[in-house]
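Structure first, then comments.
Computed over heavy atoms, backbone and side chain alike; hydrogens, waters and symmetry mates excluded. Since this is a predicted model, take the numbers as computed values, not measurements. Numbered from 1 within each chain, the chains take letters A, B, ... in sequence-line order.
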Protein chains: 2
Amino acid sequence: MRLTTKGRYAVTAMLDLAYHSSKRPVALTDIAKRQDISLSYLEQLFAKLRRAGMVTGVRGPGGGYQLSRPAHEINIAEIITAVDETLDSTRCGGKGNCQNDQPCLTHELWMGLSEQIRAYLAGISLGDLLSRHEIQQVANRQDREMQGVSIGEESVN
Amino acid sequence: MRLTTKGRYAVTAMLDLAYHSSKRPVALTDIAKRQDISLSYLEQLFAKLRRAGMVTGVRGPGGGYQLSRPAHEINIAEIITAVDETLDSTRCGGKGNCQNDQPCLTHELWMGLSEQIRAYLAGISLGDLLSRHEIQQVANRQDREMQGVSIGEESVN
DNA sequence: CAAAAAATTGACTAAATTACTAGGGATTGG
DNA sequence: CCAATCCCTAGTAATTTAGTCAATTTTTTG
Ligand code: FES
Ligand code: FES
């Protein structure tokens with residue numbers, strides 16, 4: 001499979017967005033600060049998420065991004081495939097041709113694994129994650145740290 | 001997770017070894033030809049597999065490698081971890097410290113995924129794979145092609 | 001209207017990792 | 001002995017990832 005920080009960042013950012021969503025859109029600068037992700041890099045990820053129809057951008061002051069669908073209708077597999085293109089474990093990309101146009105000895109094994117991973121991540125939605133205790137605790141901590149930074153110290157960014 | 005061609009090659013080579021194992025050891029040059037893997041690269045992988053105690057090497061002419069245990073007692077997860085060091089999906093390596101020494105928002109999610117993958121691959125042994133039809137077919141094809149090469153054509157390697 | 005806030009886009013770069021090569025021993029059967 | 005084979009270490013080329021930079025467009029606020 002290809003699970004890199006790109007996919008991880010995308011899921012993290014989407015979860016942050018879901019957690020802080022209300023009437024008003026959420027600006028990427030806020031997500032970048034809370035989650036410690038480069039703003040420019042986030043912009044690239046959200047461009048893909050927008051093209052995939054998972055978020056909508058609102059321009060201008062007070063703008064930002066919003067989920068296009070309720071959090072419990074967005075699953076993790078979608079998010080990763082939107083930015084990573086695939087969560088396939090095969091070498092051949094599912095085409096069964098990685099040894100001289102023929103399937104290699106282990107093609108079926110990786111196909112099975114891919115399906116396993118896909119099914120697991122497709123079965124978890126942003127809404128599911130939001131309701132988990134550990135995640136609420138972490139999100140809370142991050143919000144407090146954000147306040148601390150903006151009140152107590154100079155912004156170093 | 002980190003599933004690269006290194007891990008895939010290792011599993012493929014181990015499966016080839018299991019399939020061709022009998023009294024006599026199997027030489028890496030044969031595996032390299034059948035599976036289209038660079039010999040030097042295979043040697044590096046088998047060095048790790050040997051250190052992990054999964055195969056034993058026999059030197060000298062007629063030498064090669066043998067499985068240290070029966071095929072049904074070697075599972076896929078073992079093989080991958082032996083060469084790839086880990087099949088962890090987290091960014092932090094399970095330590096929960098990837099955001100400024102604190103767990104990031106999605107740490108628990110990746111932990112769950114890692115366990116899912118590990119359990120799946122740990123539940124499959126080389127013996128299981130050997131008994132699958134598709135794999136026998138592919139192995140057979142490879143053996144025929146090998147013969148064709150050594151009889152009909154000059155070896156291009 | 002002017003200014004500012006924010007998304008949007010595309011090109012480019014640096015760092016890291018992977019896949020692979022090169023070259024030399026060490027062992028052992030015939 | 002000598003050829004086949006494992007064994008070991010370094011090094012390198014290719015690929016991929018993570019991230020930067022700079023310019024543009026759209027919209028709201030004052
Ligand atoms: S992984 Fe699909 S053919 Fe090798
Ligand atoms: S993945 Fe473990 S702390 Fe972020």
(message) In this structure, how many angstroms lie between the C1' atom of D:dA18 and the CG atom of A:Leu3, rounded?
(response) 15 Å

(request) If the plane angle is over 60° it's perpendicular, under 30° parallel, otherwise tilted; pick one for B:Tyr9 and B:Tyr41. (result) perpendicular

Identify each atom pair where a protein N or O and an N or O of nucleotides 23-30 of chain D are less than 3.5 Å apart, giving names and distance.
unit_1	atom_1	unit_2	atom_2	d
D:dT25	O2	A:Arg59	NH1	3.3
D:dT26	O4'	A:Arg59	NH1	2.4

(message) Using whole Å, what does the distance between atom P of nucleotide C:dA19 and atom CG of B:Asp36 come to?
(response) 16 Å

(message) With nearest nucleotide decided by heavy atoms, which residue, A:Ser38 or B:Leu28, maps closer to the 5′ end of DNA chain D?
(response) B:Leu28

(request) Indicate, with a heavy-atom threshold strictly under 4.0 Å, whether A:Ala27 touches base, sugar-phosphate, or nothing. (result) sugar-phosphate

(request) Nearest whole angstrom, please: distance from the C1' of C:dG10 to the NZ of A:Lys48. (result) 13 Å

(request) Give one of base, sugar-phosphate or nothing for A:Thr4, where a contact means two heavy atoms less than 4.0 Å apart. (result) sugar-phosphate

(request) Looking at every strand, decide which applies to B:Ser40 at a 4.0 Å heavy-atom threshold: base, sugar-phosphate, or nothing. (result) base

(message) Salt bridge check, B:Arg69 against B:Glu78: does any charged N sit closer than 4.0 Å to a carboxylate O?
(response) yes

(message) Does B:Arg132, at its CZ atom, have more than 12 non-hydrogen atoms belonging to other residues, nucleotides or ligands within less than 6.0 Å?
(response) yes

(request) Scan A:Gln137, A:Lys33, A:Gln35 and name whichever one has a side chain to side chain contact (heavy atoms under 4.5 Å, CB included) with A:Gln142. (result) A:Gln35

(request) Output the single nucleotide from C:dA7, C:dA19, D:dT20 whose closest atom is nearest the side chain of A:Tyr65. (result) C:dA7

(request) Send over the distance from A:Gln66 CD to C:dA7 C1', rounded to a whole Å. (result) 13 Å

Atom pairs under 3.5 Å: protein N/O with N/O of nucleotides 11-14 of chain D:
none

(request) Supply the atom-to-atom distance A:Arg8 CZ to B:Cys92 SG, rounded to the nearest 0.5 angstrom. (result) 8.5 Å

(message) Whether the side chain of B:Ser68 engages the backbone of B:Val55 through a donor-acceptor N/O pair (distance < 3.5 Å, no angle test) should be reported.
(response) yes

(message) Testing the 3.5 Å rule here: is there a donor-acceptor pair between the side chains of A:Asn75 and A:Ser125?
(response) no

(message) Under 3.5 Å, is there a donor on one side chain and an acceptor on the other for B:Thr106 and B:Trp110?
(response) yes

(request) Look at A:Arg50 and C:dT9 and indicate whether a side-chain polar atom (N or O) is within less than 4.0 Å of OP1 or OP2. (result) yes

(request) Measure the distance from CG on B:Leu45 to P on D:dC6 and round it to the nearest whole Å. (result) 13 Å

(request) Let me know the distance between CG of A:Leu39 and C1' of D:dA18, rounded to the nearest Å. (result) 15 Å

(request) Measure the distance from CG on B:Leu42 to P on C:dT21 and round it to the nearest whole Å. (result) 11 Å

(message) When you measure from the side chain of A:Gln116 to the backbone of B:Leu121, do you find a donor-acceptor pair of N or O atoms at a distance under 3.5 Å?
(response) no

(request) Check the distance between C:dT21's C1' and B:Tyr9's OH and give it to me in whole angstrom. (result) 14 Å

